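Since the structure comes first, as structure tokens, the remarks are kept for the end.
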Amino acid sequence: MRLLFSKCRVTGIIVFLCLTGCRAVPTPSNPNSNPIVTQTQKAPFTLSIVPTRSTSDSRVITIASQKLHEFYVVLTNISNEPQSVWETWNSWGSQTISFEFKFGNNPPILVARGPEGFTMNFPSTFLIPPGEHKVYPIRLDKWWDVRSIPKSTEMLVSLKAVYQVPNTPEAAEYHVWTGRVESGNYQFTLRQW
């Protein structure tokens, strides 16, 4: 008898949990809308740009085919957990950084690395501890699609860096964060030669 009471009690608890765990979801007023609301997750990174040169008069970045001058994009882990990011030498990481150039009131111009053929390619990551950085040296050379940038020896530009990682099976396997982070807008002098 005691065993029968225990089975009834267990069955009753299961039925109760099923009934209380189920609830009606209201039908959306727009049949094309999605009733599932996704929670926006805060990015674990901030992004900044360090120019080639910085003086009291100007902060400079360059586009050049020869005598390249680097500037830097700094990805900072602001979370409490280590974060894995793709290394840029492989196809998963080669196009994770891009830029939005804005000249005056004109629409922004997107500048990204062009597609590459990889003779050796496999996913590899760089681990950024909490509070630490990954520094990307940038040379706007032949590997970057800068054809839309107006040609001038020197001009003022508003520049924003974008770090974007698509959701892929490899990103899930290697525990690489996916999403998009943007820097603020930086005012630089752009020199080209």
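As the structure is a prediction and not an experimental result, all values here were calculated from the model.
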Discussion item. Could you list the cluster mates of Leu156? Members are the ILVMFWY residues connected by side-chain heavy atoms closer than 4.5 Å, either directly or through other members.
Written reply: none
Worksheet item: Quick one: salt bridge (Lys or Arg N to Asp or Glu O under 4.0 Å) pairs with a partner in residues 83-98, sequence neighbours left out?
Response: none
Discussion item. Applying side chain to side chain contact (heavy atoms under 4.5 Å, CB included) to Val176 and Val165, what does each step give before you reach the verdict?
Written reply: CA-CA 8 Å; Val176 171; Val165 181; 4.1 Å; yes
Worksheet entry | Results of side-chain hydrogen bond (donor to acceptor under 3.5 Å, both in side chains) for Arg59 - residues two or more places apart only | none
Discussion item. Restricting to non-hydrogen atoms, name the atom on Ile61 and the atom on Thr52 that form the minimum distance, rounded to 0.1 Å.
Written reply: CA-OG1, 3.6 Å
Practice prompt. Output all residues satisfying salt bridge (charged side-chain N to carboxylate O under 4.0 Å, His left out) with Asp145, sequence neighbours left out; order by chain, then residue number.
Written response: Arg147
Discussion item. Please report the interatomic distance CD1(Ile63) to CG(Leu140), rounded to the nearest 0.5 Å.
Written reply: 5.0 Å
Fill in: Parallel, tilted or perpendicular, as decided by the 30° and 60° cut-offs, for the rings of Trp92 and Trp86
tilted
Practice prompt. With sequence neighbours excluded, tell me which residues meet salt bridge (charged side-chain N to carboxylate O under 4.0 Å, His left out) with Glu154.
Written response: Arg191
Worksheet entry | Check: Phe122 ring centre within less than 6.0 Å of Trp89 ring centre | yes
Worksheet item: Are more than 12 heavy atoms from other residues, nucleotides or ligands located less than 6.0 Å from atom NZ of Lys142?
Response: no
Worksheet entry | Heavy-atom check, side chain of Ser48 versus side chain of Tyr186, under 4.5 Å | yes
Indicate every side-chain donor-acceptor pair of residues 100-110 with a distance under 3.5 Å to a residue at least two apart or in another chain.
{"residue": "Glu100", "atom": "OE2", "partner": "Arg180", "partner atom": "NH2", "Å": "3.4"}
{"residue": "Lys102", "atom": "NZ", "partner": "Gly104", "partner atom": "O", "Å": "3.4"}
{"residue": "Lys102", "atom": "NZ", "partner": "Asn106", "partner atom": "O", "Å": "2.6"}
{"residue": "Asn106", "atom": "ND2", "partner": "Phe103", "partner atom": "O", "Å": "3.1"}

Worksheet item: Using links of under 4.5 Å between side-chain heavy atoms of ILVMFWY residues, direct or through other members, which residues join Val50 in one cluster?
Response: Tyr72, Val74, Val135
Worksheet item: With side chains defined as the heavy atoms from C-beta onward, is the minimum distance between Pro130 and Glu81 less than 4.5 Å?
Response: no
Worksheet item: Looking at OG1 of Thr46 and CG of Leu75, how far apart are the two atoms once the value is rounded to the nearest 0.5 Å?
Response: 7.5 Å
Practice prompt. Please round to the nearest 0.5 Å and tell me the distance separating atom OH of Tyr163 and atom NZ of Lys134.
Written response: 9.5 Å
Fill in: Counterpart residues, side-chain hydrogen bond (donor to acceptor under 3.5 Å, both in side chains), relative to Ser84 (two or more places apart)
none
Worksheet item: Applying the 4.5 Å side-chain criterion to the ILVMFWY set and letting contacts propagate, would Ile78 and Val85 be lumped into a single cluster?
Response: no
Discussion item. Quick check: closest heavy atoms across Leu127 and Pro82, and the distance to 0.1 Å?
Written reply: CD1-CB, 3.7 Å
Practice prompt. Could you state whether Trp143 and Ile97 fall into the same hydrophobic cluster, counting links through intermediate Ile, Leu, Val, Met, Phe, Trp or Tyr residues with side-chain heavy atoms under 4.5 angstrom apart?
Written response: yes
Response to the item:
Hits for ring pair (Phe, Tyr, Trp, His ring centres under 6.0 Å) against Phe99, two or more places apart or cross-chain, chain-then-number order -> Phe71, Trp144
Item to complete: List the atom of Thr88, the atom of Gly93, and the distance in Å for their closest heavy-atom pair.
Response: CG2-O, 3.6 Å
Practice prompt. Compare every heavy atom of Pro166 with every heavy atom of Ala171, then report the nearest pair and how far apart it is.
Written response: CB-O, 4.2 Å
Practice prompt. Check Ser94 against Arg113 and note the closest heavy-atom contact, atom names and distance.
Written response: O-CD, 3.0 Å
Worksheet item: Under the side-chain hydrogen bond (donor to acceptor under 3.5 Å, both in side chains) test, which residues partner His133, sequence neighbours left out?
Response: Thr76
Item to complete: Measure the spacing between OG1 of Thr62 and CZ of Phe188 and express it to the nearest 0.5 Å.
Response: 11.5 Å
Item to complete: Identify whether Ile149 and Val162 are in the same connected component of the hydrophobic contact network (ILVMFWY, side-chain heavy atoms under 4.5 Å).
Response: no
Discussion item. Please find the pair of heavy atoms, one from Ile49 and one from Ser183, that lie closest to each other, and give the distance.
Written reply: CD1-OG, 4.0 Å
Worksheet entry | Members besides Val60 in its Ile/Leu/Val/Met/Phe/Trp/Tyr cluster (side-chain heavy atoms under 4.5 Å) | none
Item to complete: Name all residues meeting the side-chain hydrogen bond (donor to acceptor under 3.5 Å, both in side chains) criterion together with Lys160; count only those two or more places apart in sequence or in a different chain, and write none if there are none.
Response: Glu182
Worksheet item: Asn77 and Ser79: side chain to side chain donor-acceptor pair (under 3.5 Å), yes or no, with the steps?
Response: CA-CA 6 Å; Asn77 179 358; Ser79 76; 2.7 Å; yes
